[in-house]
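Below is one structure; the comments refer to it alone.
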Amino acid sequence: MNTEASSVTQSSARIVVGGVLLCAAACTAPLLFGAATNRSVAVLLLASVLSLLVAPRPRSPWTQGLVVAIGAGFLIYCLIALLQLWLLGRWFPVPLLVEAQDALGAPDELARAATLNPSRIGEALPRSALVTAALLAAVLLGQSRRFAYRCLDAIVLAGLTTVIGALILHHVDPGSVLWQQKKAYLTDFTATFISRGAAGAWLCLIATTSLALLVRHVSRLLEDDIPDGAAAVTRMIAAALHTPMTTLFLLAGVAVPAYGLLLTESRLALLVLSIQVAGLAIFLAVYGSRRSAVAGLLAASIVIAAGVALLWAGGGGITERILDSDLTRDGRWAIWQSTLAGIFERPVLGFGAGTLRDGFPLFRSEQLIAFGEVRSAHSLPLELAFESGVVVASLVSAAWIAVCIVLASRVLRLEKFDGLSAAALAAATGAVCFTGFDVASQSFGYVLPMLVVVGLGLAQMDGRLPRERHGGPM
């Protein structure tokens with residue numbers, strides 16, 4: 001009996017220590033990313049690895065299999081990267097690069113950037129280790145639903161605080177972020193990020209996570225504390241007033257990031273947020289219980305109405321960008337075409353992990369001469385295929401699609417609304433768009449909290465939805 005109690009106490013201590021480290025990494029990642037240095041990656045990697053080391057062991061076959069699959073994927077990526085490092089010098093004779101630059105008439109700075117640097121692979125491995133450690137830690141620590149909800153609360157709270165602070169600084173000096181003057185997107189709100197695409201992806205993540213928690217919170221109140229006799233709207237108001245601080249916090253967690261998202265003028269982020277809010281409302285109306293449907297539909301209506309008002313009040317810039325959308329004008333279509341040309345050249349093993357900026361000038365089209373150095377393919381699957389080969393890119397893409405399907409299956413089969421699974425599904429499906437058609441994958445300020453939310457949702461797959469009390473997680 002004492003041994004069993006000691007084991008439970010030890011597991012709880014592991015969850016507390018590991019949870020603090022993981023939450024710290026996920027909450028500070030948007031702040032640390034601004035430096036975009038190996039030092040900031042090392043700080044996040046250290047926190048994630050320590051969190052993983054103290055995390056409890058997997059308690060179910062599902063969790064065990066998930067941990068093995070994630071670990072095996074990381075090892076395969078490392079083996080391919082080391083093989084690429086060995087073969088790198090044989091594939092890229094320097095005269096070929098110089099000849100390609102001369103033929104394109106590229107400026108000198110592009111010619112200097114086209115020197116293939118084997119150290120790029122060494123830089124890519126710690127970044128992939130960070131992704132793996134954070135996802136594994138989230139899966140293992142997410143076995144405790146109490147911690148999982150606390151972690152989501154912490155991410156929303158830290159995100160809301162960061163957005164409010166960044167909005168104040170933006171209105172004081174629109175041409176700067178927290179650590180330096182902007183070099184692009186001078187009048188757009190980018191929070192603590194360099195690009196509006198990464199900022200929009202992170203703001204969308206915070207807003208949808210808070211919305212999932214809001215629907216869960218109100219639906220629980222409707223179920224337990226509010227009498228059935230009143231009308232739906234009256235009962236919703238009574239539920240909101242029953243715990244006003246929690247309701248206000250979660251509403252702010254949706255509205256403030258949504259307002260910031262409009263100021264980023266990111267078309268993709270606005271599209272993804274609109275689709276996810278509409279999708280949540282439709283799902284709850286069709287599949288949810290009566291109380292969850294009422295809570296979800298009213299919450300979604302509030303978000304949509306607030307979004308329309310904010311778009312009318314402060315989103316004129318994004319309206320113009322939507323009406324003036326053109327993939328060819330910003331060079332994205334030309335970047336994708338040039339990246340595909342490189343993939344066809346080395347389809348099996350690619351050019352080397354992290355070497356897109358070095359190998360891209362070989363295939364750079366004349367349409368991109370005026371765009372300067374290209375550091376990203378604006379599509380993670382294409383970038384992975386260029387750097388690590390079509391096989392690795394296909395496996396990663398298939399694995400992420402499988403994650404989305406698994407999370408969707410849980411959301412659909414549960415009788416009650418589960419905020420954890422809904423938030424994870426929103427994060428996973430949003431990542432498909434943000435990493436598939438934009439540069440958000442380059443920013444750990446977005447990637448790390450997104451992986452934590454997805455990992456917490458994946459950890460719930462082997463259990464039923466328990467009965468929760470109001471004294472538990474929010």
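For the single chain, residues carry numbers from 1 onward in sequence order.
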Would you find a donor on one side and an acceptor on the other, under 3.5 Å apart, between the side chain of [X] and the backbone of [Y]?
X    : Y    : value
R410 : Q460 : yes
S379 : G436 : yes
T429 : A426 : yes
T63  : R59  : no
S195 : A198 : yes
E383 : T339 : no

For [X] versus [Y], what's the shortest heavy-atom pair and its separation?
X    : Y    : result
L125 : Y77  : CD2-CE2, 4.2 Å
A25  : L44  : O-CD2, 3.7 Å
L141 : P56  : CD2-CD, 3.7 Å
I343 : L382 : CD1-O, 3.6 Å
L356 : F386 : CA-CE2, 3.8 Å
G197 : S266 : CA-OG, 4.3 Å

Checklist line | With sequence neighbours excluded, residues passing side-chain hydrogen bond (donor to acceptor under 3.5 Å, both in side chains) with S397 | finding: none

Notebook entry, point to check: Does T208 have any side-chain hydrogen bond (donor to acceptor under 3.5 Å, both in side chains) partners at least two apart in sequence or in another chain, and if so, which?
Noted result: none

Once rounded to the nearest 0.5 Å, what's the spacing between atom [atom1] of [X] and atom [atom2] of [Y]?
X    : Y    : atom1 : atom2 : answer
L425 : S421 : CG    : OG    : 8.5 Å
T246 : H217 : OG1   : NE2   : 5.0 Å
T435 : M450 : OG1   : CE    : 6.5 Å
I15  : L22  : CD1   : CG    : 12.0 Å
L251 : L211 : CG    : CG    : 9.5 Å
F193 : L31  : CZ    : CG    : 8.5 Å

pair [X]-[Y]: side-chain heavy atoms closer than 4.5 Å:
X    : Y    : answer
C204 : Q276 : yes
V396 : P381 : no
L157 : D153 : no
Y149 : L213 : yes
L407 : L458 : yes
C23  : I155 : no
Y259 : L167 : yes
I76  : L395 : no

Next item on the list: Output, in order, the C-alpha distance, side-chain angles, deciding distance and verdict of side chain to side chain contact (heavy atoms under 4.5 Å, CB included) for V454 and W400.
Entry: CA-CA 10 Å; V454 172; W400 197 257; 4.0 Å; yes

Notebook entry, point to check: In this structure, are over 12 heavy atoms from other groups packed under 6.0 Å from F147 atom CZ?
Noted result: yes

Next item on the list: I would like to know whether L50 and V54 meet side chain to side chain contact (heavy atoms under 4.5 Å, CB included); could you show each step before the answer?
Entry: CA-CA 6 Å; L50 290 176; V54 301; 5.9 Å; no

Next item on the list: For I206 and V163, run side chain to side chain contact (heavy atoms under 4.5 Å, CB included): C-alpha distance rounded to whole Å, both residues' side-chain angles, the deciding distance at 0.1 Å, then the answer.
Entry: CA-CA 10 Å; I206 300 300; V163 175; 5.7 Å; no

Margin query: With side chain to side chain contact (heavy atoms under 4.5 Å, CB included) as the criterion, how do W202 and F434 come out once you've worked through the C-alpha distance, each side chain's angles and the decisive distance to 0.1 Å?
Written below: CA-CA 10 Å; W202 175 70; F434 292 126; over 6 Å; no

